[in-house]
Structure formats: C-alpha cells, structure tokens
Amino acid sequence: MSDTTILLGQILEFTANPFEAGADAARHTRDGAIVLRGGKIIATGGADQLRAAYPMAAQIDHGNALLLPGFVDAHVHYPQTAIIASWGKRLIDWLGTYTFPEEARFGDAAYAGEIAGRYLDLALAHGTTTMASYCTIHPESVDAFFTAAQARGMRALAGKTCMDRNAPDTLRDSAQSAYDDSRALLQRWHGVGRLGYVITPRFSPTSTPAQLQALGALWAEHPDCLMQTHLSEQTDEIEWVMQLFPKARDYLDTYEAFGLLGENGLYGHAIHLTPREKARLADCGAALVHCPTSNSFIGSGLFDMQGLTQAGLRVGLATDTGGGSSFSMLHTMAAAYEVAQLRGVALHPAQLIWLATEGSARALRLQGQIGTLAVGSEADIVALDLASTPAIAQRADRAGNIWEALFPTIMMGDDRAIQATYVAGSLQAGRMAAP
Ligand code: GUN
Ligand code: ZN
C-alpha cells in the first residue's frame, strides 16, 4: 500500500490575510489536489500535474467538494455539550441555572469520558479538527478530554477551569489547589503528541485575587503555554467585576494586575471594551476570540470585528459551546456575518473562512501547523459539499464564482455539508466516513 494519498477536489489556499489583502488573498483551483504523507501536506496544486508527479499514490476523489483546512474553534466548553440550547437566561443566571449543575458532574471520570467522546465526535462531524476547550475544576475532566482527543489523533488544547469563589461549594478549588492541579496537568499533557495545556481562570468574578495571582505565577513559569479566560461579555458582568475589584481601572486590569495579560493570552468575547483595554490588548499582542452565536444567544452584544482587526488585534472565531447555540463553525461564520451586518460591515466569504481556519490557528499560536493547506502543515482537512441540501444546491447553481458557490453553504450549511473530515491524514468523520 502506498504511504502517499492524493485528495482531489476544488481547493482554496490563502497567500495573505484577507482582512489586509481582501479576496485576492485566496487562490482557488477548480480541479485541485492535495498530497498527503505521514500526516502532513506535502504538495498542493492542479490535479493532473500532481497525479502525474505521484503515480503510485492512493487517490480519493471528492468531486466538486471544496477542500479546506479543518475548522479551528478557538473557545469551547466541552462540559457544556449536554446543556447546549438551554432556554431563557442571561450570562450570570445561565451559569447558575444550567452550567454549574452540569459541570459539577465532571468529578466522575466515567461521565467526563462519555461527554468528552461525545463532544469530539460532534466536533469532527461538523468539520472541526482543533479546539481550545475549557474543562471543569476537576482534573478528571482534563484527563478525559485529552485522552479522548489523543485517541482520535487530534491537535487539541484545553485546561482545568479554575474557580475559588462565587460558585457552588462542589465547584470551588482554592488558589493553591488551582496552581498545584493546573501545574500537574500541564506537566502531564503539555506537548504530549498533538496536545497543549492552557492555563484557565474562568473569569475574574469566580477567582479571588489570590487565585489570579497564583495562575499568573504559573503562566510566568510556563510562558509558552496559552492562557484563556473571558473578558467583557455582558454589561452586568462588567459592573459586577468593578464591584469585586474596586481598585481596577477596568475589567482587563483585573487580569493585568495579576500577570494574566500577555501575547499568549486568549480573551473570549471582548465585546464592551474601553479604549484603554483595546490599546493594551493591541500593545501586548493578545488574541481576542469572537463567539457570535453565544453573544446573540445569551444576549451579550455585537463584537466590533472591523474596529478590532483594524487596530491590529489577532482575532479567532469560536462556537463557545454550550453558551453558543451550535457545534458548527459554518453556523458560527454565518452568525459572524450577521453580527457584522448589524454593525454596517459585510464580511467577505474569504474573511469568514480565514477566521475559522488560519485566523483561529493564529489566535492559538498554531500558525503554519494547522488552519492552512501550506506544504509542511498538518493534514487536518475538511471536504465541504457545496450542494448538501436542496435549498443550498439551488442557490449554488446560480453561482458565477467560487465565493458565490461557497456563501450559501456558509449561511445555510451544517454537518450535512461535511463530506469528510481528515485528522493527520486519516478519515475520521463526515458523510463519507458514515458506516
Ligand atoms: N463567562 C464565564 N463562564 C462562562 C461560560 O461558561 N460561558 C460563557 N459564555 N461565558 C462565561
Ligand atoms: Zn466561554
């Protein structure tokens, strides 16, 4: 058997950031091919040329499907899988009513393993090959997630969610135990195969200054790790933060003061930022994560994609499952489009696809490894059927170019559009993988 595989289909490759270069940043090849070997991409280009160059390679023909890098979800809570789409609450009430009772179950390793597997299979079925996930306060929840990701060969990031106040008794750690447990998990999992540990204070209302300080110290000891948290999601949340930290200049300052602001920081939501916060985040090269379905579902607000990208901030895109209302990065792109429209900006399909792939990979500091079809990158690939439902097919039929062909799938597509999901070159999910 050949150790080389050629995937045939349409391909879309980015040569630049479409927020800087517009749609010219993308190169479309109608009859394209991607050559895979040893879990990596070794060539891309025209199908005829690559078939001739690799005559012994196994061929998988995806027909008219569009081959893209697997989607990268820059902020999810896998433990919230079973409570996605819970009705009627805003952030703080939603946490207390639905989220905390569910998260309390993850001290049970068997339950954590069941939900981790369920979540990862749903993600792969939706074309998502990498994510940065919050776990719960329980170390078992982190072991379960990494074990399940490792079994699927995925590049995955996650960390123990730390909380030592304003949470139920069963969901509180302490400053010391958060430091000790996070450190032990980091040592067990960070850099093991395709896995990476993320230091994870949930958000400043659920951490004492002592806990933020301890996690800031841990980050200083492991600066190559990412740190993820929430920032300025809802206005009532911001008021609460200012009561809890009366000396803070603003919400970001509650992280900055304890060593939790840096270029490897990931700040989820970031909707209601002050000018000082924007300037500080841009200065230190931090990444923001846009969670548009969540921001609508929980009623948080409209992220300023144009203003923040123009200010030079790195921005990733995310489902925020289960505050977000979908596992699908296609849905998430559609929501990002609609939110931008409400702010008077029409994001180009090239920008939406880039955000869900290379943009999120850059936010996660995985640029060049995933989120791209560049030679040498890891072969996490999705084959997107651009006519997956009758409604999409009839609209795509009128398309005059690749963007018109792709946009109906961005706006109306879901897991039915995922023909195949490859992880490190092997088929893991999608309609082609169904038994
Ligand atoms: N802020 C603190 N925790 C959470 C969470 O689990 N989901 C969302 N959307 N916001 C949060
Ligand atoms: Zn979140």
Side-chain angles (χ1 to χ4, degrees), residues 9-32 34 41 44-46 64-74 127 270 278 281-282 285 287-292 302-318 329-368 370-375 377 381-382 384 386 392 395-396 398-413 417:
Q10 306 193 60
I11 61 173
L12 199 54
E13 295 166 279
F14 286 94
T15 51
N17 177 346
F19 283 91
E20 288 158 11
D24 290 345
R27 184 170 60 223
H28 171 234
T29 308
R30 179 79 192 69
D31 294 306
I34 306 176
I41 294 174
T44 58
N64 280 329
L66 180 65
L67 301 174
L68 293 171
F71 299 133
V72 180
D73 189 342
K278 284 182 211 167
L281 287 159
L288 306 182
V289 186
H290 181 27
C291 308
L302 305 177
F303 183 83
D304 180 13
M305 180 66 77
Q306 176 158 280
L308 293 163
T309 50
Q310 283 177 356
L313 278 145
R314 279 179 302 129
V315 177
L317 188 66
M329 288 298 282
L330 291 170
H331 263 161
T332 305
M333 288 179 239
Y337 179 79
E338 290 173 352
V339 167
Q341 281 282 60
L342 287 168
R343 297 191 69 117
V345 175
L347 295 176
H348 192 277
Q351 295 172 322
L352 296 167
I353 292 289
W354 188 86
L355 281 170
T357 54
E358 191 161 341
S360 283
R362 285 189 187 193
L364 302 182
R365 295 281 182 211
L366 293 171
Q367 186 175 354
I370 57 163
T372 169
L373 298 181
V375 169
S377 63
I381 294 167
V382 65
L384 212 53
L386 300 183
I392 294 173
R395 176 63 187 89
R398 292 273 185 96
N401 60 38
I402 183 61
W403 304 120
E404 286 177 26
L406 174 56
F407 195 54
T409 289
I410 292 177
M411 293 310 299
M412 298 194 283

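In this chain, numbering begins with 1 at the start of the sequence shown.
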**Study point:** Validation row: I402, L386 side chains within 4.5 angstrom (heavy atoms)
**Key:** yes
Exercise for review: Please round to the nearest 0.5 Å and tell me the distance separating atom CG of L68 and atom CD of E358.
Suggested key: 12.5 Å
Check your understanding: Where is the tightest heavy-atom contact between A405 and A399, given as atom of each residue plus distance?
Key -> N-CB, 3.4 Å
Practice item. For side chain to side chain contact (heavy atoms under 4.5 Å, CB included), just list the numbers for Q306 and R343, CA-CA rounded to whole Å, side-chain angles, deciding distance to a tenth of an Å, and then say yes or no. Key: CA-CA 9 Å; Q306 176 158 280; R343 297 191 69 117; over 6 Å; no
Exercise for review: Supply the atom-to-atom distance L308 CG to L281 CG, rounded to the nearest 0.5 angstrom.
Suggested key: 8.5 Å
Exercise for review: Just do the side chain to side chain contact (heavy atoms under 4.5 Å, CB included) check on H28 and N401 with the steps written out, would you?
Suggested key: CA-CA 10 Å; H28 171 234; N401 60 38; over 6 Å; no
Review point. Could you state the interatomic distance from CG (L317) to OG (S360), rounded to the nearest 0.5 Å?
Key: 5.5 Å
Exercise for review: Please examine the side chains of L12 and W403, heavy atoms only from C-beta on, and report whether any two atoms are closer than 4.5 Å.
Suggested key: yes
Point to revise | side chain to side chain contact (heavy atoms under 4.5 Å, CB included) between R30 and N64, worked out | key: CA-CA 8 Å; R30 179 79 192 69; N64 280 329; 2.7 Å; yes
Check your understanding: Do you know which two heavy atoms are closest between Q351 and A346, and how far apart they sit?
Key -> OE1-O, 4.4 Å
Check your understanding: Is V72 close to L366 at the side-chain level, that is, under 4.5 Å between some pair of heavy atoms?
Key -> no
Review point. Any side-chain heavy-atom pair from T44 and L67 closer than 4.5 angstrom?
Key: no
Review point. Parallel, tilted or perpendicular: which fits the ring planes of Y337 and F407, with parallel below 30° and perpendicular above 60°?
Key: perpendicular
Review point. Between atom CZ of F71 and atom OG1 of T332, what is the distance when rounded to the nearest 0.5 Å?
Key: 9.5 Å
Exercise for review: Compare all side-chain heavy atoms of M333 with those of L355 and state whether any distance is below 4.5 angstrom.
Suggested key: no
Revision key, fill the gap. For G368 and S377 the tightest heavy-atom approach is O-CB, 3.3 Å
Review point. Does the side chain to side chain contact (heavy atoms under 4.5 Å, CB included) test come out yes or no for N17 and R362, once each step is laid out?
Key: CA-CA 11 Å; N17 177 346; R362 285 189 187 193; 4.2 Å; yes
Exercise for review: Measure the spacing between CE of M412 and NE2 of H331 and express it to the nearest 0.5 Å.
Suggested key: 10.5 Å
Revision key, fill the gap. Correct closest heavy-atom pair for F14 and A26 would be CE2-CB, 3.8 Å
**Study point:** Nearest-0.5 Å distance, CD1 of residue I41 to CG of residue L373
**Key:** 5.0 Å
